[in-house]
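Just so you know, ligand 1 is whichever comes first in the structure, and atom 1 is the first atom listed for that ligand. When reading the values below, keep in mind they use all heavy atoms of this one structure, side chains included, and skip hydrogens, waters and symmetry mates.
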Amino acid sequence: MVKVCVLGASGGIGQPLSLLLKLSPYVSTLALYDINDITKGISKDLDHINTNSNCSGANADIANILKDANIVIITAGIPRKPGMTRDDLFKINAKIVKNLTIEYGKYCSANTKLLIISNPVNSLIPVVCETLKLMGKFNSRLVMGITMLDLIRANTFLANLLNENKSKKKNAIVNSKQYNKQLNNNNIMVIGGHSGTTIVPLLINKTLLYNEKEIKELVHQIQFGGDEIVKAKNGKGSATLSMAFAGYFFTNEILKTINFDNEESIYSNENNLPCYVYLPDLPNGKFLQDKLKEITQNSELNIEYFAIPVKLNRKSGDINSIDLSCILKNTLSPNEKEMIKVACEALTKDIKTGEDYIKNNSKL
Ligand code: ADP
């Protein structure tokens with residue numbers, strides 16, 4: 001029995017995420033919560049789909065929704081509207097996410113994974129972790145900020161670029177094999193944070209692209225891919241469908257580990273997928289903190305949260321350790337080192353914003 005809860009399930013991300021989770025063979029119970037009173041109807045709608053999981057949902061009694069959950073995903077909040085500052089968005093979503101985290105702390109077991117999709121991830125994960133610390137319920141192996149969309153975009157845009165380059169070549173063989181858009185962590189990885197210049201794409205396979213201008217354009221497209229969607233939606237929305245897919249993809253990897261015992265499981269733990277985590281307590285976390293000091297040549301730097309590939313425990317789906325191969329086995333280019341430096345400066349501020357919010361509103 002594996003139970004997954006989506007909090008914020010009636011929203012632009014929550015609905016398609018719930019649909020994808022209803023299709024996952026690894027889920028047996030899907031429980032939806034949202035303050036919107038359409039939530040019960042959405043769960044009924046999904047429950048008519050003849051996959052084997054059961055789906056229920058409500059806009060009340062969150063205790064019952066969270067009970068016995070293996071994974072809780074928070075998508076609740078408000079998306080950024082035109083004219084709204086990042087700070088405005090942060091304050092509204094921090095309150096929502098803090099309150100839902102308190103419910104998680106109250107009603108979930110000591111090994112329920114907590115995945116955060118609500119934005120701004122860079123500051124909201126510190127809000128979640130500080131809230132749980134105050135409740136005496138914090139376990140850094142369980143809390144993950146979902147940055148998966150950045151890696152999904154990186155794979156898409158890199159493949160598009162390589163395929164475009166290939167078709168431009170003279171005497172290109174018609175029907176020659178296309179570069180695959182699917183996840184290929186040997187070619188590209190994305191670390192850092194989850195907005196703008198805190199997103200750091202690392203070209204792992206440096207033989208793929210030589211042209212500096214092309215690399216810069218690719219990096220920009222990955223860092224600001226979200227803006228491209230806001231613009232294309234005429235300011236009437238942000239990334240929802242691709243974000244839902246990214247959230248589902250990451251969740252499904254955890255679900256595969258939980259189902260690893262199952263004979264029918266086809267899980268392969270080859271993808272060390274990135275997420276935004278609290279470093280100090282995790283195996284290799286301190287090492288990464290020191291490595292960031294070295295890369296940025298700033299001995300004062302104290303980055304406690306960072307998006308980095310993690311290895312999951314094959315049975316519990318908890319974070320086992322941080323995988324540093326994208327930094328250690330890969331020779332970072334001067335540009336990549338500079339990007340990490342820029343990201344760390346911005347992250348320091350974003351993290352402080354989240355931590356201060358709880359320090360100044362410490363009443364739970
Ligand atoms: P996005 O595009 O990020 O999904 P939406 O506004 O479409 O943004 O969805 C956010 C969802 O979060 C909405 O359905 C909203 O009702 C829900 N929500 C807002 N506050 C809360 C809360 N405190 N608890 C649960 N759900 C919430």
Q: Would you mind telling me if ligand 1 is within reach of the side chain of Thr240, the backbone, both or neither, using heavy atoms under 4.0 Å?
A: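 It is the side chain that touches ligand 1; the backbone stays farther off.
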Q: Which of the numbered atoms in ligand 1 are under 4.0 angstrom from any heavy atom belonging to Tyr33?
A: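 Listed by number with element, the hits are 24 (N), 25 (C).
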Q: Examine the side chains of Asn186 and Asn205 and answer whether a donor and an acceptor come within less than 3.5 Å of each other.
A: no
Q: Tell me the protein heavy atom at minimum distance from atom 5 (P) of ligand 1, and give that distance in Å.
A: Gly12 N, 3.8 Å
Q: Which pairs count as salt bridge (Lys or Arg N to Asp or Glu O under 4.0 Å) when at least one residue sits in residues 99-120, sequence neighbours excluded?
A: Glu103-Lys106, Lys113-Asp318
Q: So between Asp34, Leu17, Val97, whose heavy atom ends up nearest atom 15 (C) of ligand 1?
A: Asp34
Q: Please round to the nearest 0.5 Å and tell me the distance separating atom CG of Leu279 and atom CG of Leu288.
A: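 It is 5.0 Å, given to the nearest 0.5 Å.
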Q: Any idea which of Thr75, Ile74, Ile78, Ile35 brings a heavy atom closest to atom 21 (C) of ligand 1?
A: Ile35
Q: What part of Ile13, side chain, backbone, both or neither, has a heavy atom within less than 4.0 angstrom of ligand 1?
A: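 Both backbone and side chain.
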Q: Got a donor-acceptor contact below 3.5 angstrom from the Asp88 side chain to the Thr85 backbone?
A: yes
Q: Taking side-chain hydrogen bond (donor to acceptor under 3.5 Å, both in side chains) as the criterion, tell me which of Asp350, Asn122, Asp150 meets it with His194.
A: Asp150
Q: Nearest heavy atom to atom 23 (N) of ligand 1: which of Asn59, Ile96, Leu241, Asn36 does it belong to?
A: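 When every heavy atom of Asn59, Ile96, Leu241, Asn36 is considered, Ile96 comes closest to atom 23 (N) of ligand 1.
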Q: Can you spot which of Ile71, Leu142, Ile74 makes a side-chain contact (heavy atoms from CB on, under 4.5 Å) with Leu114?
A: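 With Leu114 as partner, Ile71, Leu142, Ile74 yield a single side-chain contact (heavy atoms from CB on, under 4.5 Å), made by Ile74.
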Q: Under 4.0 Å, counting heavy atoms only: does Leu7 come that close to any atom of ligand 1?
A: no
Q: Please say which of Thr75, Thr39, Asn59 ends up in a side-chain hydrogen bond (donor to acceptor under 3.5 Å, both in side chains) with Ser10.
A: Thr39
Q: What is the ring orientation for Tyr276 with Tyr305, classed by angle as parallel under 30°, tilted 30 to 60°, or perpendicular over 60°?
A: parallel
Q: With a 4.0 Å cut-off on heavy atoms, is Gly77 in contact with ligand 1?
A: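 Heavy atoms of Gly77 do come under 4.0 Å of ligand 1.
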Q: Can you tell me which residue and heavy atom of the protein come closest to atom 9 (O) of ligand 1, and the distance to 0.1 Å?
A: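 Answer, as residue, atom name and distance: Gly11 CA, 3.2 Å.
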Q: Starting from atom 6 (O) of ligand 1, locate the nearest protein heavy atom and write down its residue, its atom name and how far away it is, to 0.1 Å.
A: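 For this ligand atom, the closest protein heavy atom is Pro79 CD, 3.2 Å.
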